[in-house]
Amino acid sequence: MSKESPALKGLNPKQQEAVQTIDGPVLILAGAGSGKTRALTHRVAYLLEKGVAPENILAITFTNKAAGEIKERVQKLIKSQRTPLMGTFHSLCVRILRMNADKVGYGKNFVIYDSDDQKSLVKQIMIEKGFDPKKTAPNAILGRISWAKNKMIGWKKFKDQYGEEDFYNKTVTAVYEDYQQSLQKFNAMDFDDLIMLTVQLLKKDKNTAEKYQKLFKYILVDEYQDTNMSQYELVKILSEKYKNLFVIGDDYQSIYGWRNADIRNILNFEKDYPNAKIIEMTQNYRSTKKIIEAAQHIIQKNEDQRHKKLWTENDDGQTIKIVEVANEREEGKYVIEAIKKSQGRGIKLKDTAVLYRTHAQSRAIEESFLKANIPYKIIGGVKFYERREVKDILAYLRFISNPEDIISFGRVYNIPPRKIGKVSYNKILAEYQKKIPVMQVLEDSDYPAFHLLHALLKGFMTKSEEYSVTKLAKHILDRIAYKEYLDPTGKSLDGQARWENIQELFTVTKKYDKEKPREGLAKFLEEVALIQETDKLDKGSDVVTLMTVHSAKGLEFPQIFMIGMEEHLFPHARSIMEPKELAEERRLCYVGITRAMRDLHMTFCRQRTIFGSSENTLPSRFLLELPGHLVDFQQDTSVDEDDIVYYS
DNA sequence: TGGGGGACCTTTTTT
DNA sequence: AGGTCCCCCA
C-alpha cells in the first residue's frame with residue numbers, strides 16, 4: 001500500500017484492486033455491506049490523485065443523496081476545487097437535454113411530469129379517444145408506455161410492432177401516439193423520456209455524442225443491477241470512446257425489475273464488454289455472522305445468479321427473533337416493547353428501522369408509535385411533493401414557468417374556487433386543441449371569470465421576471481388567499497398541517513433565491529421533479545425510521561424490524577404465480593435482512609385486515625426457510641379482548 | 001357551479 | 001377502512 005496515497009488508505013486488497021484498476025471496463029460484484037460506497041468514493045479520489053481532471057469523471061448513482069455523500073467523502077480524501085459530475089441517470093440526462101433540447105424537438109425550459117401529471121394526461125386522452133378509463137386502467141397503459149420507452153421503443157415503432165395485436169396493445173398504440181405528441185406540445189417530458197430522448201439524441205447526432213464521449217473519460221455507475229435497457233444503452237454510448245467504464249452492483253440486490261430494470265445487464269457484463277475485469281467483494285463489514293448466514297439461506301434458492309458467498313469476521317451475534325402475533329395491533333405492540341427494551345441496551349431510536357413490504361402497512365404501525373409516544377418518521381408513502389397543497393402551488397409555478405403546460409393549468413384554474421367549472425375548462429381545452437394558447441383563450445373570452453384569471457396569471461408571469469422564487473411563491477399564495485382556502489376557520493388540524501407543508505417548501509425555494517428570477521424558478525422546479533424521498537433522510541434527529549424494504553436499499557441500521565412477514569404480503573400475492581417475480585421477492589427479502597447490523601426481528605400476524613375485513617394469514621415461506629439454529633421463535637398468544645382467533 | 005353524500009374501488013415496490 | 005368519483009341539489 002502506498003503511503004502517499006490517501007485514496008488507498010484503509011482498504012482491503014479487493015477494494016484496492018477495484019480502486020486501482022482504472023483502465024478498461026471493470027465490474028465490481030459487491031455483496032451487501034462489503035464497502036461498495038467506500039470503493040466508489042476512493043476510486044474517484046484515486047482518479048483525481050492520478051491527475052485526471054474532475055470534469056472528465058462522471059459518476060452515476062441511484063439517488064441524489066448518494067451522489068452528495070460521495071462528493072462529500074471524496075472531498076475529505078482529496079482537496080480539489082472542482083468536483084466531478086455526480087448524480088442520477090435522470091439528473092445527468094436533464095443536464096444534457098437542457099443544453100440540446102432543440103435537437104430533440106423541445107424548448108430548453110421543458111418541465112418534467114410526475115406520475116400524477118402523466119395519469120391525468122393519459123386519462124384525458126383516453127376520454128378524447130373514446131376509451132373508458134374505468135375499463136382500462138390509465139396506469140396499465142402508462143406501465144406499457146413506460147416499458148416501451150425503457151426499451152427505446154418510440155410510439156411509431158410501437159405502432160409497427162404491437163399496433164395490430166390485442167385490444168390492450170391497440171389501446172396503448174392509440175394513446176401512446178397522442179400522449180407523446182401532447183407532451184411535446186406542452187414542452188413536457190416524463191421520467192422515461194429523459195433517458196430515451198438522451199439516448200436518441202446521442203445516436204442521432206454524432207457530434208454531440210462525441211463531445212460527451214470525449215468529456216467523460218472515466219465513467220462510474222453505482223447499483224448497476226438496477227439499470228434498464230435505455231440506461232444500459234446510454235452508458236454504452238457514453239463510454240464508447242475510452243471504455244473506462246466502472247460499474248458496481250450486486251445481482252442479489254436487484255429489486256427493480258418491475259420498473260423494467262434488467263438484471264441481465266449485470267449478469268452479462270463480460271459478454272457486452274469482452275475484456276472486462278471482474279472483481280468480487282464478498283467480505284461483509286456490516287452484519288453479524290448469523291444475519292449473513294440467514295440472508296445467504298434466503299438467496300441461495302435463486303437460480304440464474306452469480307453465486308457468491310458473503311462472509312464476515314464480525315461476531316456471531318444474536319439469534320434472529322421471529323415473532324408470531326395475533327394481528328397488526330399486536331405486531332405494533334411487540335415492536336414498541338422491543339424498541340423500549342433495546343433503549344435499555346443503549347440502542348438509540350435512530351439506530352432502528354421498521355421495514356414493510358407495502359405502504360399500506362404503515363398506517364397501523366404508525367398508530368402504535370403515536371400511541372406509545374415514540375418519535376418516528378415515515379419515508380415514502382404520500383410523498384411530500386405529491387401532497388395536494390404542495391402540488392397546487394407547484395402547479396402555479398409550473399404554469400408560470402411554462403404556459404404551454406395545460407396539465408398544470410388543469411390544477412390551477414379553479415383552485416381556489418373561482419367559478420370556473422369543468423364545462424368552461426373543456427371549452428378552453430377545445431380551443432387549445434386548435435393551437436390557441438390558454439392565456440389567449442382566457443383573454444379573448446367574454447366570460448368575466450376568465451378575465452380575472454387571465455389578469456391574475458399575467459400578473460404572476462410579470463412578477464416572475466423580477467421576484468425570487470420564494471417571493472414569487474409567497475406573492476401567489478397571498479393573491480389567491482390560499483391559506484384562507486385551506487382553512488377558513490383557522491381551526492382545522494388538517495388545514496394547519498397543510499399550511500406547514502407549504503412553509504416547509506420555502507426551505508427549498510430559498511436555495512434558489514440568489515439566482516436570476518426565471519432561472520431560479522426553472523432550477524427549483526427541476527429539483528422538485530427529480531428529488532427522492534430518501535434524499536431527505538438525515539441522520540440528525542433521534543427517531544425511528546419507518547419505510548418500505550425498497551426504500552431501505554443502500555441503508556443500514558443496528559436494529560431492524562421486518563414486519564408483515566406473511567404469505568401474500570411478503571412474498572406479495574401478485575408475485576407468487578410468476579417464478580421471476582418470486583425470485584425478485586426473495587432478493588427483496590435478502591435486501592431487508594442485510595440492512596441489519598446486529599439485531600433483526602421478523603414478525604408475522606395470524607390475521608390481518610385487508611380492504612377493511614379481517615383475513616387469516618400464513619407465515620411467509622421465507623421464515624420457514626431459515627434454519628433453526630439461527631432463529632428464536634416466539635409466539636405471542638395475547639390478543640385484544642374482542643378478538644377471537646382461529647388458527648390452524 | 002360546487003359541495004355534499006353515497007357508491008365503489010383499492011394495495012406492490014418508485015426514478 | 002379510506003380515498004376517489006360521480007351525481008344531484010342549492
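Every chain is numbered from 1 and lettered A, B, ... according to where its sequence line falls, protein lines coming before strand lines.
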Atom [atom1] of [X] to atom [atom2] of [N]: distance rounded to whole Å?
X	N	atom1	atom2	answer
E584(A)	dT14(B)	CD	P	12 Å
R363(A)	dG3(C)	CZ	C1'	10 Å
R329(A)	dA1(C)	CZ	C1'	13 Å
D117(A)	dT14(B)	CG	P	18 Å
D193(A)	dT15(B)	CG	P	17 Å
I378(A)	dT13(B)	CD1	P	13 Å
F570(A)	dT11(B)	CZ	C1'	15 Å
E527(A)	dT15(B)	CD	P	14 Å

What is the nucleic acid contact for [X], judged by heavy atoms within less than 4.0 Å: base, sugar-phosphate only, or nothing?
X	result
D192(A)	nothing
K553(A)	nothing
I420(A)	sugar-phosphate
R608(A)	nothing
E223(A)	nothing

Original post:
Donor-acceptor pair under 3.5 Å: do we get one between R574(A)'s side chain and the base of dT11(B)?
Top reply: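 There is none.
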
Nearest of [options] to any side-chain atom of [X]?
X	options	answer
K134(A)	dT14(B), dT12(B), dC6(C)	dC6(C)
F611(A)	dA1(C), dT13(B), dC5(C)	dA1(C)
H572(A)	dT1(B), dT10(B), dT12(B)	dT12(B)
R259(A)	dT12(B), dT14(B), dG3(C)	dT14(B)
H90(A)	dC5(C), dT1(B), dT15(B)	dT15(B)
W258(A)	dT1(B), dT14(B), dT12(B)	dT14(B)
T88(A)	dT15(B), dA1(C), dT14(B)	dT15(B)

Closer than 4.0 Å, any side-chain N/O of [X] to the OP1 or OP2 of [N]?
X	N	result
T548(A)	dT12(B)	no
N414(A)	dG2(B)	yes
H359(A)	dT14(B)	yes
S115(A)	dT14(B)	no

Subject >> Closest non-hydrogen atom pair between S575(A) and E581(A), with its separation >> reply: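 Minimum heavy-atom separation between S575(A) and E581(A): CA-OE1, 3.6 Å.
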
Original post:
Between T358(A) and T548(A), which heavy-atom pair has the shortest distance, and what is it?
Top reply: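 Closest pair (atom of T358(A), atom of T548(A), distance): C-CG2, 4.4 Å.
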
**OP:** Run the salt-bridge test on R587(A) and E584(A) with the 4.0 Å N-O cut-off and return the result as yes or no.
**Re:**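 The answer is yes: the pair qualifies as a salt bridge.
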
Subject >> D250(A)/K36(A) salt bridge by N-O under 4.0 Å criterion >> reply: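 Judged by the 4.0 Å cut-off on N to carboxylate O distance, K36(A) and D250(A) do not form a salt bridge.
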
Original post:
For Y447(A) and H550(A), take the nucleotide of DNA chain B holding the closest heavy atom to each; which residue's nucleotide lies nearer the 5' end?
Top reply: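 It is Y447(A), whose closest nucleotide lies nearer the 5' terminus.
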
Original post:
Mapping E585(A) and R418(A) to their closest nucleotides on DNA chain B, which lands nearer the 5' end?
Top reply: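 That would be R418(A).
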
**OP:** Establish, for the pair R411(A) and Y396(A), whether the NZ or CZ atom is under 6.0 angstrom from the six-membered ring centre and no further than 45 degrees off its axis.
**Re:**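 R411(A) over Y396(A) ring: no.
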
Subject >> Passing candidate, ring-ring contact (aromatic ring centres under 6.0 Å, His included) with H550(A), options F570(A), Y256(A), F62(A) >> reply: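 Single pass found, and it is Y256(A).
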
Subject >> Whole-Å P distance, dC6(C) and dT11(B) >> reply: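 Each nucleotide's P atom is 16 Å from the other's.
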
Original post:
Taking the same atom, C1', in dT12(B) and in dC5(C), what whole-Å distance lies between them?
Top reply: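 To the nearest whole Å, 23 Å.
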
Original post:
Looking only at side chains, do E223(A) and Q225(A) share a donor and an acceptor under 3.5 Å apart?
Top reply: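 Short answer, yes.
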
